[in-house]
Number of protein chains: 2
Amino acid sequence: MKTPEKTRCENCIIRQFNSLKAFSKEELKTISDNKVSREFKKGDQIFKEGEKLSGVFCVRDGASKLSKLSENGKHQIVKIAKKGEILGQRSVVSDEQTNLSATALNDTSMCYIPKQLIIDKINENPEFTRNLLKVMASDLRESDNFIVNMSQHNVKQRIAEALLYLEANFGTDDEGFLAVNLTREDLANVVGTATESCIRQVAELKKDNYISTKGKKTKIEDKKGFEDMISGF
Amino acid sequence: MKTPEKTRCENCIIRQFNSLKAFSKEELKTISDNKVSREFKKGDQIFKEGEKLSGVFCVRDGASKLSKLSENGKHQIVKIAKKGEILGQRSVVSDEQTNLSATALNDTSMCYIPKQLIIDKINENPEFTRNLLKVMASDLRESDNFIVNMSQHNVKQRIAEALLYLEANFGTDDEGFLAVNLTREDLANVVGTATESCIRQVAELKKDNYISTKGKKTKIEDKKGFEDMISGF
DNA sequence: CGACCGGTTGAGTGCGGTCAACACGCGTGG
DNA sequence: CCACGCGTGTTGACCGCACTCAACCGGTCG
């Protein structure tokens, strides 16, 4: 199952950003021969909470949300995965069902790598395993910070944080607007609030000249002010 | 620096519960020769957020809270570590400062293992590394669940969850009271609320016969009811 | 064209944060 | 020995943030 030259892992720059950078040319060839490229359209579900994954997804391009459904019917978005991240590693190392659902936020291309390959590599390539450890350590740190932010900040502050996070991780277009576009509902689900509350607070942020909007796009105008507001002036 | 026979790692049953179970008798001897036993009294700080740890702590007995200070001056408790857990692994694998502070909730005894030993073992013993991965994967899962609980449940539900968590992880004494005793303030910091709100909701739980108290001890009377209440009746 | 989705606004309400006062046990020092 | 201070637990009152329900608008798609 050879893939076209230009999408082979050996030539893929994305791998520089994740734990796969530990692999030799030889190993990358094996992976490339076993991977499958997959495309998702905006809104497509990549996998669902509770599924048993048979491999991991390496994000080549696009953004996808990782969310969990709580019994009151609301989706809490836990993380937004960007280019270079690998989804499903956790489930593979712990050999359990996924804890989260993944959904494409825009058109997304992924490489699907069968889990046995990953497990083999964990056993064979210590550097890869160490990279994995580091990635997970940093995810844990992020989770802890997220927990603190959620419980100690009000909705306005959490929205500010979410927007800063989006800018830092996905960047802006040439006019300075955020490169990823969350619906108000998604943004509400990130900060764990009702859609209406989210809309109202965004309107406040706009009124206070922290942000501006054009169509559905959002631009952060006053990053410094944001940071001050988050830490309570 | 030999330790007395009875506290040597080879004889320590605690290691069955954590990633250290991967080690051979030989390896345990090395660890034992390099570790230091340390005792903490209730309220003692084990390490502080931002410190650079030079090793990890293996909890031999007792309970300790892992918390993070937010800029509004409140401590958010992220996890309560029990017997068998290892504190500081994350900072060691990522070679960064700790993200969290650790404080003893009651008299606690720990073994301090220098970080170089852990790093060496990560490089030498693949099974140990795999165990580490699993522990961290499970921590991540817990964190995600915590985030959902925090953002989708009200204070009463979160307290119920916290109490169930304490019962499941630390058990009860012979009369059925929870074996660990959090102050109201600590409990409030776990669920991310004000101390007074916490007190009021606990009083409600008592009025509704979900729990009972005796002195400072708490007993869960209606676990089933708790679970129903958490998922919204 | 109508259905539907996303965004927006209004009005009402209640949960939970905050401040203030007080009760109680415990240790410490005069 | 008692006075005092301090930490913890508790209660009351007030109030504002954020949730909920409901209506409405504009764009898009079948």
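Chain letters run A, B, ... following the sequence lines, proteins first and then strands; every chain starts at 1.
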* Asked: Do the charged groups of R90(A) and D139(A) touch, with an N to O distance under 4.0 Å?
  -> no
* Asked: Can a salt bridge be assigned to the pair D44(B) and R38(B) using a cut-off of 4.0 Å between side-chain N and carboxylate O?
  -> no
Could you list all N or O pairs between the protein and nucleotides 18-20 of chain D that sit under 3.5 Å apart?
| from | atom 1 | to | atom 2 | distance (Å) |
| --- | --- | --- | --- | --- |
| dA18(D) | OP1 | V155(A) | N | 2.8 |
| dC19(D) | OP1 | T193(A) | OG1 | 3.1 |
| dC19(D) | OP2 | T193(A) | OG1 | 2.3 |
| dC19(D) | OP2 | A194(A) | N | 3.2 |
| dC19(D) | OP2 | S197(A) | OG | 2.6 |
| dT20(D) | OP2 | K74(A) | NZ | 3.4 |
| dT20(D) | O4 | R200(A) | NH2 | 3.3 |

* When you measure from the side chain of Q76(B) to the backbone N and O of S151(A), does any donor-acceptor pair fall under 3.5 Å? -> no
* Closest to the I199(A) side chain, choosing from dT10(D), dT8(D), dG7(C) -> dG7(C)
* With F146(B), which residues qualify under ring-ring contact (aromatic ring centres under 6.0 Å, His included), at least two apart? -> none
* Check whether any side-chain heavy atom of K52(B) lies under 4.5 Å from a side-chain heavy atom of D95(B), and answer yes or no. => yes
* Partner residues of F226(A) under the ring-ring contact (aromatic ring centres under 6.0 Å, His included) criterion, sequence neighbours left out -> Y210(A)
* Quick one: L182(A) CG to dC5(C) P, roughly how many Å, whole number? -> 19 Å
* D144(B)/K68(A) salt bridge by N-O under 4.0 Å criterion -> no
Could you pull out the protein-nucleic contacts involving nucleotides 28-30 of chain D (nitrogen or oxygen on both sides, under 3.5 Å)?
none

* In whole angstrom, give the distance that lies between atom CD of Q152(A) and atom P of dC17(D). => 18 Å
* Is the backbone N or O of L69(A) less than 3.5 Å from a side-chain atom of E49(A), with the two atoms forming a donor-acceptor pair by type? -> yes
* Does the side chain of N181(A) come within less than 4.5 Å of N106(A)'s, by heavy atoms? -> no
* Asked: dG7(C) P sits how many Å from E204(A) CD, rounded?
  -> 19 Å
* N189(A) has an atom CG; how far is it from atom P of dG7(C), in whole Å? -> 12 Å
* Rounded off to whole Å, could you give me the CD-to-C1' distance for the E185(A) and dT8(C) pair? => 14 Å
* To do: Using atom CD of Q76(B) as one end and atom P of dG17(C) as the other, report the distance to the nearest whole Å.
  => 12 Å
* Side-chain contact test, heavy atoms from C-beta onward, threshold under 4.5 Å: evaluate it for S64(A) versus M110(A) and give yes or no. => yes
Could you tabulate the donor-acceptor pairs under 3.5 Å formed by side-chain atoms of residues 168-177 of chain A, not counting sequence neighbours?
| from | atom 1 | to | atom 2 | distance (Å) |
| --- | --- | --- | --- | --- |
| N169(A) | OD1 | K82(A) | NZ | 2.7 |
| N169(A) | ND2 | Y165(A) | O | 2.9 |
| D173(A) | OD1 | E175(A) | N | 2.9 |
| D173(A) | OD1 | G176(A) | N | 3.1 |
| D173(A) | OD1 | F177(A) | N | 2.9 |
| E175(A) | OE2 | K214(A) | NZ | 3.0 |

* Distance, rounded to the nearest Å, where M150(A) contributes CE and dC17(D) contributes C1' -> 15 Å
* Asked: Which residues in residues 65-73 of chain A have at least one heavy atom lying under 4.0 Å from any atom of DNA chain D?
  -> none
* Structure fact -> I159(A) CD1 to dG7(C) P, in whole Å, measures 13 Å
